[in-house]
Structure formats: C-alpha cells, structure tokens
Amino acid sequence: IMLSKRIKSEENIFVFFYEDDDIFAQRLLKFMETFDNSLDKKDIDFVKISDEGIDKDYSLECLPALVHFNSGTPTVFPGDLREEKDVKKWIDKRSKVKSSD
C-alpha cells in the first residue's frame, strides 16, 4: 500500500525516511531494524522508505528523519538519531500515544 494510505488508515505508524546513498543512514538502518521487531509485537508498523523526493512530500527539513504518525498527525523525532537511548525512549513513549478522538 502507498505510504500516505497507510498513514491515514493506521492509528500508530513509525516511518524512517532516508536517502539510499547516505552512509550515515545506512548505519542507522541496522539500528532501526531492532525497533521494527519490537513494534511488530505491539502490532505497530515501522516503515523504512527512501523514495526520491519523499522528504518534500512530508515537509521534512533534512534526512534521515524518524517520524511517528498518530492518526495521521506527524511528530518528528527531535533529537540526534545517533543517540540510541534517546531514540528508544522516544519510540517507547510515542508507541503508547492513543489518538485523541
């Protein structure tokens, strides 16, 4: 399914936006895989996407970026993606967010 449809149809979804030729992002991908597995257990999707121009479609200032969509509303990870503990804490916290309706 196209990403925009998944974002609209799912209450909670995490998306890691990156560029294929970015070495830093490639290293982060391995780290992001660990969240994919743990979120699967909570029935929450974790999508990794590197489509050309996708950052513009979602008004992202720079890549790589980690975004949590809660009922379609985006929240961008505010910190340094290299800080694994911060990323993990943020994902744990955001994965418990319920939609406001």
Side-chain angles (χ1 to χ4, degrees):
I1 311 176
M2 284 190 50
L3 181 60
S4 58
K5 283 188 178 144
R6 288 180 71 179
I7 288 169
K8 286 181 187 129
S9 68
E10 296 180 36
E11 183 184 5
N12 264 324
I13 185 169
F14 287 88
V15 183
F16 179 61
F17 296 91
Y18 68 100
E19 292 171 315
D20 267 334
D21 57 359
D22 181 352
I23 293 163
F24 172 59
Q26 294 301 325
R27 278 195 225 123
L28 283 174
L29 268 176
K30 290 179 181 63
F31 167 52
M32 293 298 163
E33 290 293 330
T34 61
F35 297 114
D36 197 357
N37 298 334
S38 64
L39 289 168
D40 264 354
K41 293 177 184 132
K42 297 178 185 178
D43 207 29
I44 296 172
D45 275 350
F46 191 99
V47 176
K48 297 165 288 295
I49 190 162
S50 63
D51 294 2
E52 184 92 20
I54 195 85
D55 52 330
K56 310 246 180 318
D57 294 345
Y58 290 91
S59 305
L60 298 170
E61 289 181 22
C62 62
L63 295 181
L66 179 61
V67 183
H68 172 240
F69 292 90
N70 179 256
S71 298
T73 304
T75 303
V76 178
F77 174 69
D80 183 342
L81 288 168
R82 290 172 294 200
E83 296 297 328
E84 295 186 11
K85 280 190 284 198
D86 294 347
V87 175
K88 183 177 179 345
K89 211 183 301 179
W90 185 80
I91 287 178
D92 287 344
K93 186 177 160 201
R94 296 298 310 170
S95 65
K96 293 179 180 99
V97 171
K98 297 286 179 237
S99 65
S100 51
D101 53 4

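Atoms considered below: every heavy atom in the structure, side chains included; atoms not considered: hydrogens, waters and symmetry mates. Here the structure is a predicted model, which means the values were calculated and not measured.
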Kindly indicate, with the supporting measurements, whether the criterion side-chain contact (heavy atoms from CB on, under 4.5 Å) is fulfilled by Ser38 and Phe46. CA-CA 10 Å; Ser38 64; Phe46 191 99; over 6 Å; no
Gln26 side chain to Asp20 main-chain N or O, any donor-acceptor pair under 3.5 Å? yes
ILVMFWY network linking Phe16 to Leu39, side-chain heavy atoms under 4.5 angstrom: yes
Shortest non-hydrogen contact from His68 toward Phe14: CD2-CZ, 3.4 Å
For Asp22 and Pro64 the tightest heavy-atom approach is OD2-CD, 3.5 Å
When rounded to the nearest 0.5 Å, the distance separating CD1 of Ile7 from CD1 of Ile13 is 6.0 Å
In the structure I gave you, are the side-chain heavy atoms of Val87 and Glu83 within less than 4.5 Å of one another anywhere? no
Could you measure the distance from the CE atom of Met32 to the CD atom of Glu84? Nearest 0.5 Å is fine. 8.5 Å
Tell me whether the centres of the aromatic rings in Phe17 and Tyr58 are closer together than 6.0 Å. yes
When rounded to the nearest 0.5 angstrom, what is the spacing between CG in Leu28 and CD in Glu33? 12.0 Å
Tell me whether Val47 is reachable from Phe69 by hopping between hydrophobic residues (I, L, V, M, F, W, Y) whose side-chain heavy atoms are closer than 4.5 Å. yes
More than 12 heavy atoms of other residues, nucleotides or ligands under 6.0 Å from CG of Asn37: is that the case? yes
Group every Ile, Leu, Val, Met, Phe, Trp and Tyr by side-chain heavy-atom contacts under 4.5 Å, then state whether Leu3 and Leu63 land in the same group. yes
salt_bridge(Lys88, Asp92) N-O dist < 4.0 Å: yes
Within the structure provided, determine whether Phe35 and Leu66 are in side-chain contact (heavy-atom separation under 4.5 Å). no
Give the intermediate values and the outcome of side-chain contact (heavy atoms from CB on, under 4.5 Å) for residues Lys42 and Asn12. CA-CA 10 Å; Lys42 297 178 185 178; Asn12 264 324; over 6 Å; no
Between Asp80 and Asp86, is any pair of side-chain heavy atoms under 4.5 Å apart? no
Going from CD1 on Ile91 to OG1 on Thr34, what distance comes out if it is rounded to the nearest 0.5 angstrom? 7.5 Å
Looking only at heavy atoms, the pair that brings Pro74 and Gly72 closest together is CD-O, 3.4 Å
Side-chain heavy atoms under 4.5 angstrom apart, residues restricted to Ile, Leu, Val, Met, Phe, Trp, Tyr: same cluster for Leu29 and Val15? no
Output the distance between atom OG (Ser71) and atom NZ (Lys8), rounded to the nearest 0.5 Å. 13.5 Å
Report yes or no: do Phe31 and Phe24 belong to one cluster of Ile/Leu/Val/Met/Phe/Trp/Tyr joined by side chain heavy-atom distances under 4.5 Å? yes
Approximate separation, where rounding is to 0.5 Å, of Ser95 OG and Lys41 NZ: 13.0 Å
